[in-house]
Number of protein chains: 2
Amino acid sequence: MYLENINGPEDVKKLSEDELNLLAAEMRKALLTRASKHGGHFGPNFGMVEATIALHYVFESPKDKIVFDVSPQTYPHKMLTGRKDAYLYEEHYDDVSGYSNPEESEHDHFVIGHTSTSVSLACGLAKGRNLTGAKGNVIAVIGDGSLSGGEALEGLDYAAEIDGNLVIVVNDNDMSIAENHGGLYSNLKLLRETDGKAECNLFKAMGLDYVYVGKGNDIKSLIDAFTSVKDSDKPVVVHINTQKGKGYAPAEADKESWHYSGPFDIETGKPLFNMDAEDYSSVTAAYLLDKMKKDKSVVAITAATPTVMGFAKDKREEAGKQFVDVGIAEETAAALASGIVVNGGKPVWGVYSTFIQRAYDQISQDICINNNPVTIVNFCGSVYGMNDVTHLGLYDIPMMSNIPNLVYLAPTTKEEYLAMLDWSIDQTEHPVAIKLPGGNMVSDGKKITKDFSKLNTYEVTDKGSKVAIIGLGTFYKLGEDVAKLINEKAGIKATVINPYYITGVDEKLLDELKNEHDIVITIEDGILDGGFGEKIARFYGDSDVKTLNFGLKKTFPDRYVVDDIIKENHLTDTQIVDDIMKLL
Amino acid sequence: MYLENINGPEDVKKLSEDELNLLAAEMRKALLTRASKHGGHFGPNFGMVEATIALHYVFESPKDKIVFDVSPQTYPHKMLTGRKDAYLYEEHYDDVSGYSNPEESEHDHFVIGHTSTSVSLACGLAKGRNLTGAKGNVIAVIGDGSLSGGEALEGLDYAAEIDGNLVIVVNDNDMSIAENHGGLYSNLKLLRETDGKAECNLFKAMGLDYVYVGKGNDIKSLIDAFTSVKDSDKPVVVHINTQKGKGYAPAEADKESWHYSGPFDIETGKPLFNMDAEDYSSVTAAYLLDKMKKDKSVVAITAATPTVMGFAKDKREEAGKQFVDVGIAEETAAALASGIVVNGGKPVWGVYSTFIQRAYDQISQDICINNNPVTIVNFCGSVYGMNDVTHLGLYDIPMMSNIPNLVYLAPTTKEEYLAMLDWSIDQTEHPVAIKLPGGNMVSDGKKITKDFSKLNTYEVTDKGSKVAIIGLGTFYKLGEDVAKLINEKAGIKATVINPYYITGVDEKLLDELKNEHDIVITIEDGILDGGFGEKIARFYGDSDVKTLNFGLKKTFPDRYVVDDIIKENHLTDTQIVDDIMKLL
């Protein structure tokens, strides 16, 4: 039992080679047990166990600083840096976040969840060290899948300019979240096949020194390699060939499915909870596959997260050339979509809300200035989405809705979504983005007859007076609840409005509301600053209508409990009605 | 006289080799004459004359589609595609934009001004072609300086996945705007020195075929190379070695200064207008150089635009290791700054408003979630800044001010700016961005005593009643003018407020205003949607105070006349006072 006695890297250094191998086995067992009960990122950690042991054996963290890219790779690192309990004991599983976190340990240097960042951040650490005359190694760890991202490639290029030590560990498990896409992977393959000896070498072409470790899950080989570059006086890449999911047969066999896992049965690898219910992912894939068959110019695009659009491997095969995975490369996804439009194609880019911000400039320049009719579907942009601080979906309204030319739509049901998607793909006038609602998918079977080409036309779904409630997307249903409650509490029959459009104000409808309404409230699923409600407040600024905007405060909450954050932001029907009644 | 008779690529194809060389000389002369009178991008065009002739000689535009990166390279292309008059006759100089523009010609396919986009966009054209079963070559042209950008490197990596024809012309003049930075440039040098024969080859490492043309300004060599790759059935890079500024001795000798030029005297190369007046660029460099001497941990960062921060070559040499140019790589600039902070440095990143959007995710994730005290100085974020649709500075308020943790400041004078910069560099609590005002720099000599660490504290600079005017940044002065005029017209002494902070609301001060004010107006230099004024409107939404927000409409204006756009958006003092008086 070694892991129980590891309180920091100094305890790793005390072990013999045999003991280190036993430690690795214990770590892998703890990872497996925790994952089976708790869920989390799986494959990336299993491959990095030996390399993490070797890093802490050779380097002197925290004086030497290790920056992990896509911090799911950090679980083994956390186990070796004073946080073993969170992997050994079920009652402590939630003591740590799923990402690197300086608040947890002096061995973590950044809160980072988006990928492709480690090399550029490490360049900063090295530059800071040089400016202040400090000493120490700086080590960036990056997975092969993350190499395709713009920030990673920029960082690799810039790294050659760093004076003094910089070690870049490329953890090559020959996989991104799904399979890798991009030409550089043929070079990684060539390097693996030639034991790193091929003359044509991406890293050398970027001006960097290079060391290859074929046995990337062999502690001895890794220790030797890291020792050889320790205190190197210039930037060097250590390319290690690891096995994703190593040590758990189901994960070795199906690396994509086991990138991330919910709780599962260790014996069989079967998930403990049924995930097959219809949701916006499955609905999207079903619609698109049907559409693709009718129209060969329709193409779905992902940047390395195909399953959020419902495109698991079988569906990708069904779509054939009409499904494109650009790899982790959101900038290229956006530009590609714009180019496809210019040559007659109909692209649909499905993307997580938290990742769309990686392509702000491309959405603005490559797509919207050109007014090219790309369709973007934005998943998990909701308080009911991912709750890690690095993966929040609370900011896409201010980010997207203030870009000129873009039509940003907020459906409230499955039926509205599919109608919008259908309209967007075939129209040729506007770039369109669709913000999927959070929470459980609502399907009411209603036939949608609305003509979405009449921009910024809201709809009164229930006509009343005195109070008007504009419930956007996710929170349209909450708007209905508020209307019901205020009728019960104050006998007021409120008007309820589904605005559909995030990017524009229905001036005619809002003007008409002035006649019989004193108060207009908005409810939106995201931060209020720069959002939808403020546009309504501006519109009514010079009138007698009073406005109340409900949404989230501009903060970065971390691992929040949904019910708590809802209450803290006055987003229950009771709180909203109370706030309205104060104004009446 | 050949150029006069070129009405399209078909006329280029009719010429003999000797005639093409004469055409090149005429084009260069026309470029020189126009640049001397009109100003514009200089070096990039001079180097691309022969390659552009060869492209149009070999390929069949517009069936074959050429996408120019950093479209300043497009002037020769415009000359050969029906727009020669705009280069031959002074009265037609303004008939064309400085960038590629589909509205001008069927030979242009995108409105593009930001760099590093052409490969990804061309991948889209090729994919669209494949989906629709169309035919034709797709050619991306990209300069060596632009290769360091994330979108370009992502695109190069993805390009290998394209089925069928794709030609990537790398225009290597061994220069970015200033000198190149990054390890990949050592590989380009190696390739130039080995006549393209070195085994270690960045492009091959990206999975692409490769052709080298040493004589990149020789039409015959270029025609041969382009002919060899025409109708290629897979992606191929044609690496051409050109000379920036070729054909004009002063530009050949000082490539950096001649990347872009105002009007100048052809004989001497001397500018016709004196550009030496003090401005925010020179003030920034002077302050930082002084600060660097006192504090060795201070470092200035640029992404390939050092002069906007005032750092011409002599100043960069003076700063030494305390000045970093990461090349065209804004994502890395942001991440680098964050890393520098973590290791004890004090980074100041100077960036154009239009380019900061290339690093949205990095500002949010790498800097702001980590709450690292980076200083960002935002230049030309103003209606008085650049007026090309691709380079507008109208969107940084919605983009930046809604990111949690960031403190976004708006100085109104040189003195306020320097006080903010001084505070920001030495504080350790917040990431800070400073939005420089547009128009002529105002310097009033006032000593600034404000403590900027007291966040979101606005200042009443003139106390009145009834009407309060909050003038942000550039438009603080307009606020004073409005106050003066409304006093003259309506006898109202208005309150004038300098808010300083874009990212937060001074709730206490705004609450106090309620007592003696009926109307609060805001004026901001940027689009209103998602901006500063809407936050004020939201604050007062539930009160009796009426609000009016002045700023720009959410559009992409192109080559506007400042006075016109100011009037169209009700931004003259007279218009604002009229609007207020309607409400009184």
Side-chain angles (χ1 to χ4, degrees), chain A residues 109 111 114 120-121 123-125 127-129 131-132 148 150-151 153-155 157-158 160 182-184 186-187 199-200 202 204-207 297 326 329 331-332 335-336 339-340 342-345 357-358 360-361 365 369-370 398 402 404 529-530 534 537-538 541-542 546-547 549 554-556, chain B residues 109 111 114 120-121 123-125 127-129 131-132 148 150-151 153-155 157-158 160 182-184 186-187 199-200 202 204-207 297 326 329 331-332 335-336 339-340 342-345 357-358 360-361 365 369-370 398 402 404 529-530 534 537-538 541-542 546-547 549 554-556:
Chain A
H109 310 289
V111 181
H114 286 192
S120 296
L121 289 170
C123 286
L125 290 177
K127 182 73 191 176
R129 171 197 66 201
L131 285 167
T132 58
S148 60
E151 187 177 357
L153 289 164
E154 283 186 1
D157 176 43
Y158 176 66
L184 73 84
S186 60
N187 188 246
E199 280 293 316
C200 188
L202 175 72
K204 289 185 180 173
M206 291 288 201
S297 69
V326 297
E331 298 167 62
T332 285
L336 184 82
I340 286 172
V342 170
N343 245 350
Q357 64 193 41
R358 291 162 68 92
Y360 180 100
D361 189 48
Q365 287 260 324
I369 285 181
N370 288 280
N402 301 310
D529 296 67
E534 290 186 344
R538 165 156 69 98
D542 64 354
K546 293 206 167 38
T547 52
N549 304 128
K554 183 178 71 170
T555 61
F556 284 122
Chain B
H109 309 289
V111 181
H114 286 192
S120 296
L121 289 170
C123 287
L125 290 177
K127 181 75 191 175
R129 173 198 64 202
L131 285 166
T132 58
S148 59
E151 187 178 355
L153 289 164
E154 283 186 1
D157 175 44
Y158 176 67
L184 73 84
S186 60
N187 188 247
E199 280 293 316
C200 187
L202 176 71
K204 289 185 180 175
M206 291 288 201
S297 69
V326 296
E331 299 166 60
T332 285
L336 185 82
I340 287 172
V342 170
N343 245 349
Q357 65 193 41
R358 292 162 68 92
Y360 181 99
D361 188 49
Q365 287 261 324
I369 286 181
N370 288 279
N402 301 311
D529 296 66
E534 291 186 343
R538 164 156 70 99
D542 64 354
K546 292 206 166 43
T547 52
N549 304 128
K554 183 179 71 168
T555 61
F556 284 123

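Order of the sequence lines fixes the chain letters, A, B, ..., with proteins taken first and strands second; residue numbering starts at 1 for each chain. Since we're looking at a predicted model, the values are computed, not measured.
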Determine, stepwise, if the pair A:D542 / B:T547 fulfils side-chain contact (heavy atoms from CB on, under 4.5 Å). CA-CA 5 Å; A:D542 64 354; B:T547 52; over 6 Å; no
Under the side-chain contact (heavy atoms from CB on, under 4.5 Å) criterion, do B:D529 and A:R538 qualify, and how do the steps go? CA-CA 9 Å; B:D529 296 66; A:R538 165 156 69 98; 3.3 Å; yes
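Interatomic distance, A:N549 CG to B:E534 CD, rounded to the nearest 0.5 Å: 10.0 Å. Remark: B:Q365 CD to A:E151 CD distance equals 9.5 Å, nearest 0.5 Å. Annotation: the span from B:L202 atom CG to A:M206 atom CE amounts to 5.5 Å, rounded to 0.5 Å. Distance CG/A:N343 to NZ/B:K127: 12.5 Å, rounded to 0.5 Å.
In this structure a side-chain-to-backbone donor-acceptor pair under 3.5 Å is present from B:E154 to A:G150. Side-chain N or O atoms of A:D157 include none that pairs as donor or acceptor with a backbone N or O of B:S148 at under 3.5 Å.
Ranked by non-hydrogen atom pairs under 4.5 Å with chain A, the options B:T555, B:T332, B:N187 are led by B:T332. The candidate from A:V326, A:N402, A:L121, A:L131 with the greatest count of non-hydrogen atom pairs under 4.5 Å with chain B is A:N402. Between chain B and the residues A:A160, A:G345, A:S120, the largest count of heavy-atom pairs under 4.5 Å involves A:S120. Per-residue heavy-atom pair counts under 4.5 Å with chain B were compared for A:G183, A:G155, A:P398, and the maximum is reached by A:G183. With respect to chain B, the highest number of heavy-atom pairs below 4.5 Å among A:G344, A:A537, A:G182 belongs to A:G182. Contact count against chain B (heavy-atom pairs under 4.5 Å) is highest for A:P404 among A:C200, A:A329, A:P404, A:G339.
When each of A:V342, A:L336, A:I340 is checked for a side chain to side chain contact (heavy atoms under 4.5 Å, CB included) with B:L125, only A:V342 meets the rule.
Of all heavy-atom pairs between A:S186 and B:G207, the closest is OG-CA, 3.8 Å.
Using a 4.5 Å cut-off between heavy atoms, A:S297 touches chain B through backbone and side chain atoms alike.
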